[in-house]
Colleague: 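After the structure tokens below, expect a handful of questions from me.
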Amino acid sequence: MRYAIARMLVAVAVAGVALTSAAAPIAGRLEPLAAADWDRAAAAHLLERAGFGGTPEQVDAIAAMGPRAAVRYLVRFDGTPSVESVVAPFEHSGVFEAGLDPFPAGRPATTDLAQKTGEAIGVKVKPAGNRPLQPVVNQFFYWLRASKLETDRVAYWWAERMLRSPRPFQERMALFWHGHFATNEDKVRDYRKMLRQVELFQRDGTGSFRTLLIGAAQDPAMLAFLDAAVNVKGAPNENFAREIMELFSMGVGHYTEHDIREAARAFTGWNFVGTEFHFDPSKHDTGDKTVLGVTAPLDGVGVIDVILAQPVTAEFVAAKLYRQFVREDLDPALARRLGERLRAHDWHIGAFMEELLGSQDFFAAPSVGSHIRSPVELVVATYRKLGVEHVPGVPDFNEQTASLGQRLLHPPTVAGWSQGRAWITPGLLLERGNFALDVLFPDINYLPGDRYPAAQAGYEIREIHDRIRAGLDITVATKPGGMDGGKEMSAMTTMRTDRDEAFNTRFASYRGWQKAVERVKPIPRTVARLDLAQMIDTAGCATPDEVVGYFERRFLAVPLAPAVRGELAAFLERELGTADVRAARTFSEDPLRMLLHLILSRPEYQLG
């Protein structure tokens, strides 16, 4: 079934291209698109790939520029205001507390440290009484919860930039690098490091790849994720050395195990303090290393320069950019040419992308309407095309994209997310339709996870809260699977059953959530303010056919088949009870939303 859906999407793309693409642009040609081949459809394609699509007005503005100026405007940000003038820098909730850094590897390490020294993560052990380690364990779970909730706010802030930025290519590239240099907050466990990494991608994602690669290698989130702390002289850890070659620069098969072992020695001593890179000379191996045929007393930057000197590196990076922004199909000869072009631009990503996005190949028939949108692209593009001013709080952006297979700041592995057809399964295609439904008909009964714990044990957290309010002691309140006597047990009675123990993990999880919810600023739970009746009235639509045509032009990169278009128009006419759309102005909103839900649920809408 999965492959049948994938084939259907490809068939839809091919059919759409045959109807809309000009004959002049030639696949595989990197020469600039001729001005004669530039039109509104080409402008919409450029805005779709170099950003997240846009409203008809935004497409018209790009179309009026001409091909070269439009590409430069998007890629070089010529004449565009700063993002900060539209979206303020991330506003911290103030959840970090002194003593939390360095955060222990786990709860056992935290309690072991507390028992040994009398203190851990900034909290002292109780000198007497039951559960002497409870405050320490409470604080441990507090930071786990607070960092995760604050990371969700970082993702919302980033989504807001994607939606509203006058420089959408900057955010589009940052999203690409997030999947390339993938780290996950579940292991990093510090939203500050995750935020810093996103800001690195936003700042350097269109500049020098060398600068970006060094920045990613020295980034505290990456160092934490790939275990830099245990990469020391005499006992090198190969995690980062392997990933920088295999995933970040060269690809599989272009290095040996000996290269990895030697490169790991070069990266010894690289670590972080707080949110800053830190180099410890005492832990660095200063001896000669032989990496990819080069023998020298290399350090980490030296290894990166050796890697960048390999022709295959430019080919690997350029090919990955091509497959993301142009099309999946890439023959080896073109891949070699792309690598040569990236080196010719001295590894400047923006300059390379300007050439790529302005090429005939980018606008050629096989490239148009062939990209299966990732969940984040799909959600942000939907909001941009609807003209929504802010990312809604209902549906929840993080939960919605996660249900579609992609949660920002939580990639599944160091390899990032799978792309293309991996985004489409029968279940995920259904979820994409449900997303459209949730935007157009929002759930007014939604309970936000940042106020009501929705984790795997969320129901247990609420149960513990209810039991404690009923007067039960910690031992009974935290018993799994029942209350052992019921709520009629008085506080006086249950005090006699309280167990003598060093700490209670379930209570600590409960108190951690409680404190985190108290500290973390809530995500505004607004819904998208839509007025489709006004939208089609402004567009001058008078008949169901005209409404379907307008929605098709506004939302789809691939046109509908005539028969489908006719069925959708007939559906709208039935729901309105008339073919006179203007006469139905006062009661057309729900039928229009139902129609748009059908359109946004179709295979054509998954392509951009």
Colleague: Should the ring pair Phe240 and Phe267 be called parallel, tilted or perpendicular, given that the plane angle runs from 0 to 90° and is split at 30 and 60?
Modeller: perpendicular
Colleague: Tell me which one of Asn398, Thr151, Asn184 satisfies side-chain hydrogen bond (donor to acceptor under 3.5 Å, both in side chains) with His410.
Modeller: Asn184
Colleague: For the CG atom of Leu607 and the CG atom of Leu378, what is their distance to the nearest 0.5 Å?
Modeller: 10.5 Å
Colleague: Considering only NZ, NE, NH1 and NH2 on the basic side and carboxylate oxygens on the acidic side, decide whether Arg242 and Asp259 come within less than 4.0 Å.
Modeller: no
Colleague: Is any side-chain heavy atom of Arg384 closer than 4.5 Å to a side-chain heavy atom of Pro168?
Modeller: yes
Colleague: Taking NZ in Lys124 as the centre, count heavy atoms belonging to other residues, nucleotides or ligands within less than 6.0 Å. Is the count above 12?
Modeller: no
Colleague: To the closest 0.5 Å, what do you measure between CD1 (Ile304) and CG (Leu298)?
Modeller: 11.5 Å
Colleague: Could you check whether Gln134 and Asn138, counting side-chain N and O atoms only, form a donor-acceptor pair closer than 3.5 Å?
Modeller: yes
Colleague: State, with a plain yes or no, whether a side-chain heavy atom of Leu30 is found less than 4.5 Å away from one of Arg337.
Modeller: yes
Colleague: Going by heavy atoms in the side chains, are His258 and Thr290 under 4.5 Å from each other?
Modeller: yes
Colleague: Decide ring pair (Phe, Tyr, Trp, His ring centres under 6.0 Å) for Tyr510 and Phe141; before the verdict, give the C-alpha distance in whole Å, the side-chain angles of both, and the deciding distance to 0.1 Å.
Modeller: CA-CA 8 Å; Tyr510 161 68; Phe141 280 100; over 10 Å; no
Colleague: State, with a plain yes or no, whether a side-chain heavy atom of Leu321 is found less than 4.5 Å away from one of Val326.
Modeller: no
Colleague: Might you work through the salt bridge (Lys or Arg N to Asp or Glu O under 4.0 Å) test for Asp227 and Lys187, ending with a clear yes or no?
Modeller: CA-CA 10 Å; Asp227 308 306; Lys187 183 173 182 180; 3.1 Å; yes
Colleague: Rounded to the nearest 0.5 Å, what separation is found between the NZ atom of Lys193 and the OG atom of Ser147?
Modeller: 8.5 Å
Colleague: Just checking, is any N or O donor in the side chain of Gln197 or Thr183 under 3.5 Å from an acceptor N or O on the other one?
Modeller: yes
Colleague: Just by distance, with hydrogens left out, do Asp361 and Ser359 show a side-chain donor and acceptor under 3.5 Å apart?
Modeller: no
Colleague: Out of His92, Lys148, Glu185, Arg153, which one pairs with Tyr191 under the side-chain hydrogen bond (donor to acceptor under 3.5 Å, both in side chains) rule?
Modeller: His92
Colleague: Could you give me the CA-CA distance, side-chain angles and deciding distance for Trp158 and Glu171, then say whether side-chain hydrogen bond (donor to acceptor under 3.5 Å, both in side chains) is met?
Modeller: CA-CA 8 Å; Trp158 189 7; Glu171 307 307 321; 3.1 Å; yes
Colleague: Can you tell whether the side chains of Lys233 and Asp285 come within less than 4.0 Å, N to carboxylate O?
Modeller: no
Colleague: Can you tell if the side chain of Phe181 reaches within under 4.5 Å of the side chain of Leu213, non-hydrogen atoms only?
Modeller: yes
Colleague: Would you please name every residue forming a salt bridge (charged side-chain N to carboxylate O under 4.0 Å, His left out) with Asp305, sequence neighbours left out?
Modeller: Arg210
Colleague: Answer whether the closest heavy-atom distance between the side chains of Pro412 and Trp417 falls below 4.5 Å.
Modeller: yes
Colleague: Under 4.0 Å between a side-chain nitrogen and a carboxylate oxygen: does that hold for Arg196 and Glu199?
Modeller: no
Colleague: Can we say Arg343 and Glu315 salt-bridge, meaning some charged N sits less than 4.0 Å from an Asp/Glu carboxylate O?
Modeller: no
Colleague: Distance check, rounded to the nearest 0.5 Å: Ser249 atom OG versus Phe316 atom CZ?
Modeller: 7.0 Å
Colleague: Evaluate whether atom NZ of Lys320 has more than 12 neighbouring non-hydrogen atoms of other residues, nucleotides or ligands under 6.0 angstrom away.
Modeller: yes
Colleague: Below 4.5 Å, heavy atoms only, C-beta onward: do Arg68 and Tyr73 meet side chain to side chain?
Modeller: no
Colleague: Test side-chain contact (heavy atoms from CB on, under 4.5 Å) on Trp270 and Asn231; report intermediate values, then the result.
Modeller: CA-CA 8 Å; Trp270 282 31; Asn231 187 29; over 6 Å; no
Colleague: Please verify the inter-ring angle class for Tyr156 with Phe397; under 30° counts as parallel, over 60° as perpendicular, anything in between as tilted.
Modeller: perpendicular
Colleague: Would Arg192 and Phe96 count as a cation-pi pair here, with the cationic atom under 6.0 angstrom from the ring centre and within 45° of the axis?
Modeller: yes
Colleague: Between Thr401 and Gln406, do the side chains contain a donor N or O and an acceptor N or O under 3.5 Å apart?
Modeller: no
Colleague: Identify whether the distance between the nearest side-chain nitrogen and carboxylate oxygen of Glu84 and Arg161 falls below 4.0 Å.
Modeller: yes
Colleague: Describe, in one word, how the ring planes of Phe209 and Trp347 are oriented to each other, choosing from parallel (under 30°), tilted (30 to 60°) and perpendicular (over 60°).
Modeller: parallel
Colleague: Answer yes when Arg373 and Glu48 have at least one side-chain N-carboxylate O distance shorter than 4.0 Å, and no when they do not.
Modeller: yes
Colleague: Phe201 vs His178 aromatic rings, parallel, tilted or perpendicular, using cut-offs 30° and 60°?
Modeller: tilted
Colleague: Apply salt bridge (charged side-chain N to carboxylate O under 4.0 Å, His left out) to Glu97 and list each qualifying residue two or more places apart in sequence or on a separate chain.
Modeller: Lys515, Arg519
Colleague: Checking Arg167 against Ser82: is there a side-chain donor and acceptor pair closer than 3.5 Å?
Modeller: no
Colleague: Mind checking whether Val306 and Gln310 have side chains closer than 4.5 Å, heavy atoms only?
Modeller: yes
Colleague: Evaluate the salt bridge (Lys or Arg N to Asp or Glu O under 4.0 Å) criterion for residues Arg131 and Glu501: first the C-alpha distance (whole Å), next the side-chain angles of each, then the deciding distance (0.1 Å), finally the verdict.
Modeller: CA-CA 5 Å; Arg131 301 187 182 92; Glu501 55 187 351; 2.8 Å; yes
Colleague: According to the interplanar angle, ranging from 0 to 90°, do the rings of Phe77 and Phe169 count as parallel (below 30°), tilted (30 to 60°) or perpendicular (above 60°)?
Modeller: tilted
